[in-house]
S.K.: 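Supplied in structure tokens, the structure appears directly below.
For ligands, and for the atoms within them, numbers begin at 1 and follow the listed sequence.
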Amino acid sequence: MFGRDKLDLDKFHANCNGRFNTKFILCSRMCLRPLLIVCWFCQTMSLCPTDCHCGLDARGRRQVICAKEDFFFAFGECFFCQFKLQDNTDLMFKVLKITAPMDNENSLTIGPIFHEFQKLTELQITYSNVPAIGKHSFWGVPSLKHLNLTNNNISQVLEYNFRGLVNLLELHLDYNRIESMGSGTFHHLPELRTLTLSHNRLKHLSPRLFLMLGKLRTLDLSFNDLEHLDPDVFKDVQDLRTFSCRSCALRKMNPHIYSLLSSLTHLDIGDNEFKYLDSHEFRDLRKLQVLHMDGNHFPVILEKTFSSQGRLRVLNLARNRIAKVTTHAFANLTSLVELDLSYNKLDKLEPTSVLPMAETLRSINIDSNNIDIAEFKYVLQIINKLKELSIAELGYTTQDIPLGLLAQLDSIKYLNMSGNELVHLPVQFLSPVPKLAEIDVSRNKFHGLDERLVVRLEKVKVRLDDNPWACDLCHITPMLSRVNESTWVKDAVCTLPYNLKGRRFETLTVSMLGWCGTGLGYREEGFAGLALTHNAQLGLIAAGAAVVLLVITIAAVVAGLLYNRHHAAYYYTNEERRLAEREKMYVEPEKKVSIATIDEITKDPELQVLAS
Ligand SMILES: *[C@@H]1O[C@H](CO)[C@@H](O)[C@H](O)[C@H]1NC(C)=O
Ligand SMILES: *[C@@H]1O[C@H](CO)[C@@H](O)[C@H](O)[C@H]1NC(C)=O
Ligand SMILES: *[C@@H]1O[C@H](CO)[C@@H](O)[C@H](O)[C@H]1NC(C)=O
Ligand SMILES: *[C@@H]1O[C@H](CO)[C@@H](O)[C@H](O)[C@H]1NC(C)=O
Ligand SMILES: *[C@@H]1O[C@H](CO)[C@@H](O)[C@H](O)[C@H]1NC(C)=O
């Protein structure tokens with residue numbers, strides 16, 4: 001593997017003879033082509049390798065980062081690194097990062113070269129097509145704590161690769177071509193805390209693979225076709241806190257693994273082939289805080305499946321085939337903050353199911369299910385401390401959504417209603433959520449937004465792409481007139497009429513707009529929405545009633561006045577009683593308001609003022 005490089009080392013000495021007091025560090029295979037060896041770290045040249053960036057990292061350590069578009073060709077043909085040392089005895093920097101753009105990777109081989117860097121604690125060589133780690137590459141670099149060799153071409157990892165790394169804490173080997181690793185591969189790394197091997201070609205794990213890794217806390221094996229995990233492999237890493245095997249083609253998990261890994265706080269087994277979830281599955285994982293099981297084939301969540309997970313904060317069940325969540329499925333989930341049930345086949349979620357998490361839940365996602373939103377309202381009334389609510393991809397029309405849906409959810413900051421069929425959003429709908437900071441109404445059927453809504457959303461981050469915006473005076477005038485206050489308006493794109501199709505709102509002026517869609521090939525498809533029509537009807541009835549009342553009142557007053565003139569003296573003594581009676585008449589309708597439905601409350605203009 002290193003023969004070629006050794007050869008080049010000699011050439012390099014010849015080449016640099018007399019000019020530099022150099023140490024061979026890295027050699028690019030690309031450099032070999034013109035047979036010019038110009039890849040070295042020179043001890044006597046300028047401060048920082050040309051094309052590299054030298055400075056302090058976030059923690060104040062000296063670092064060198066070599067990553068540039070034209071990494072190799074900056075100096076004619078080759079990657080050329082020059083270093084000048086603070087003093088001549090060692091290379092002082094602690095962090096060395098060598099990387100390249102994804103579409104123009106380096107070609108590097110590494111050898112036993114790092115012992116020059118007495119203070120090196122972090123080494124990253126990525127996107128460099130490194131084919132192997134080498135026998136004694138890290139011999140004599142006990143300072144190294146973080147080694148990142150992700151995105152290379154390493155196909156084999158051997159026990160001797162890691163000799164000398166007695167203090168290494170993190171080893172990242174993701175995105176390579178590793179196919180196998182023998183028993184005890186990492187036994188020279190007794191201090192290792194984090195090992196990541198995701199996106200490799202591992203098909204199975206050798207017994208005692210993790211020998212001596214008793215201090216390991218984080219293990220990532222994701223995106224390897226492992227299919228099966230043998231409990232024996234995990235005997236050496238029983239103190240694991242975080243384990244990921246996402247997309248490992250797993251069908252089953254041996255329960256013994258969970259009992260070995262009972263210290264786990266984070267478990268990610270998403271995107272596997274699990275078909276069934278036993279109600280005792282996680283019995284031994286009492287410390288679990290985060291559990292990702294999205295992208296499997298679970299059809300049902302059985303009673304008390306999480307009864308040992310009193311500490312669980314995040315539960316992701318998205319993208320399964322869940323058609324039923326049993327009434328007590330979530331029993332004992334009294335710390336849950338985030339629940340994702342999106343992209344399943346649920347047609348309902350019982351309010352009782354969410355009772356355990358009523359006090360703690362802050363985020364729920366039910367995107368793309370068949371849940372009836374009018375029923376879901378009762379679930380929301382229980383988990384009413386929510387900050388994030390996602391009800392996207394549910395096909396809801398304006399009529400489907402109860403106006404008072406958010407009535408008790410005054411902590412809501414994020415609301416996702418994208419991918420529905422909304423044509424209108426009454427401003428009252430948002431009255432109960434004064435803290436709203438982000439709303440996604442993209443991919444709906446809006447032709448325009450009315451002025452009150454635009455004003456209401458002025459300080460809110462709004463996503464509204466992919467709506468059939470009708471760029472005419474009826475629909476988008478309020479949006480255009482506030483384009484400077486509500487900058488999100490700028491990005492909307494006209495769908496109608498034909499001559500403005502594709503225009504961004506930013507480029508429009510009111511003078512370009514035509515009249516309201518007549519003869520432009522589209523109809524007023526329920527733009528006002530039922531909610532508004534409904535309001536208008538109510539309004540008409542109310543107005544009619546008011547007129548009738550007024551007429552009656554006037555008649556009564558006139559009659560009364562006439563009567564009073566005649567009988568003033570007679571009634572005088574009864575005045576008090578009559579006043580009290582009249583008050584009663586006025587009090588009664590007010591009482592009615594207090595028992596009104598949530599919908600009616602949100603329509604109350606005074607409440608709206610309070611809310612905004
Ligand atoms: C390792 O390097 C890759 C590629 O440069 C980078 O994306 C990743 O964040 C690094 N990992 C760590 C833990 O530093
Ligand atoms: C990666 O290594 C394989 C052999 O293991 C080789 O065939 C392939 O060309 C290498 N890829 C690059 C980009 O060097
Ligand atoms: C679950 O909660 C019930 C009552 O709330 C309690 O009796 C039971 O011990 C809890 N189960 C576990 C495994 O913590
Ligand atoms: C809203 O939900 C959709 C569908 O799940 C998702 O694609 C989109 O990214 C979400 N929007 C935001 C702003 O997170
Ligand atoms: C928005 O600001 C720009 C530049 O500041 C101005 O030309 C334009 O008239 C303003 N638009 C509205 C609707 O106030």
S.K.: Ignoring hydrogens, just give me the one of Arg443, Glu393, Glu438 whose non-hydrogen atom is nearest atom 7 (O) of ligand 4.
M.R.: Arg443
S.K.: Polar contacts were defined as any N/O atom of the residue lying under 3.5 Å from an N/O atom of the ligand; does this apply to Ser390 and ligand 4?
M.R.: no
S.K.: Quick one: which residue pairs count as a ring-ring contact (aromatic ring centres under 6.0 Å, His included) with a foot in residues 364-417, not counting sequence neighbours?
M.R.: none
S.K.: Can you tell me which portion of His146 lies within the under-4.0 Å heavy-atom range of ligand 1? Options are side chain, backbone, both, or neither.
M.R.: neither
S.K.: Indicate yes or no: does Arg241 engage Asp239 in a salt bridge with an N to O separation below 4.0 Å.
M.R.: yes
S.K.: Please identify which atoms of ligand 1 are closer than 4.0 Å to at least one heavy atom of Thr126.
M.R.: 2 (O), 4 (C), 5 (O)
S.K.: Are any of the protein's heavy atoms under 4.0 angstrom from atom 9 (O) of ligand 1, yes or no?
M.R.: no
S.K.: Decide, yes or no, whether a salt bridge links Glu170 with Arg193 under the criterion of side-chain N to carboxylate O below 4.0 Å.
M.R.: no
S.K.: Check this for me: does any side-chain nitrogen of one of Glu393 and Arg443 sit under 4.0 Å from a carboxylate oxygen of the other?
M.R.: yes
S.K.: With a 4.0 Å cut-off, would you call Asp294 and Arg246 a salt bridge?
M.R.: yes
S.K.: Assess whether a salt bridge exists between Lys348 and Glu375, defined as any Lys/Arg side-chain N lying under 4.0 Å from an Asp/Glu carboxylate O.
M.R.: no
S.K.: Hey, are Asp271 and Arg319 close enough for a salt bridge, meaning a charged N less than 4.0 Å from a carboxylate O?
M.R.: yes
S.K.: Please name all residues satisfying salt bridge (charged side-chain N to carboxylate O under 4.0 Å, His left out) with Lys324, sequence neighbours left out, ordered by chain then number.
M.R.: none
S.K.: Which heavy atom of the protein is the closest neighbour of atom 11 (N) of ligand 1, given with residue, atom name and distance?
M.R.: Asn148 ND2, 2.9 Å
S.K.: Which of the atoms of ligand 1 are close to His172, meaning less than 4.0 Å from one of its heavy atoms?
M.R.: 13 (C)
S.K.: Any nitrogen or oxygen of Ser155, side chain or backbone, less than 3.5 Å from one on ligand 2?
M.R.: no
S.K.: Quick one: look up the protein heavy atom nearest atom 12 (C) of ligand 4 and list residue, atom name and how far away it is.
M.R.: Tyr414 OH, 3.2 Å
S.K.: Which of the atoms in ligand 4, numbered in the order shown and given with their element, are less than 4.0 Å from a heavy-atom of Ser418?
M.R.: 1 (C), 2 (O), 3 (C)
S.K.: Please write down residue, atom name and distance for the protein heavy atom closest to atom 5 (O) of ligand 1.
M.R.: Gln124 NE2, 2.9 Å
S.K.: Is the ring centre of Phe162 less than 6.0 Å from the ring centre of Phe186?
M.R.: yes
S.K.: Counting heavy atoms only, which of Leu394, Asp367, Asn416, Ile391 comes nearest to atom 1 (C) of ligand 4?
M.R.: Asn416
S.K.: Gly419 near ligand 4, heavy-atom distance under 4.0 Å?
M.R.: no
S.K.: Please list, in number order, the atoms of ligand 1 under 4.0 Å from a heavy atom of Thr150.
M.R.: 1 (C), 2 (O), 3 (C), 4 (C)
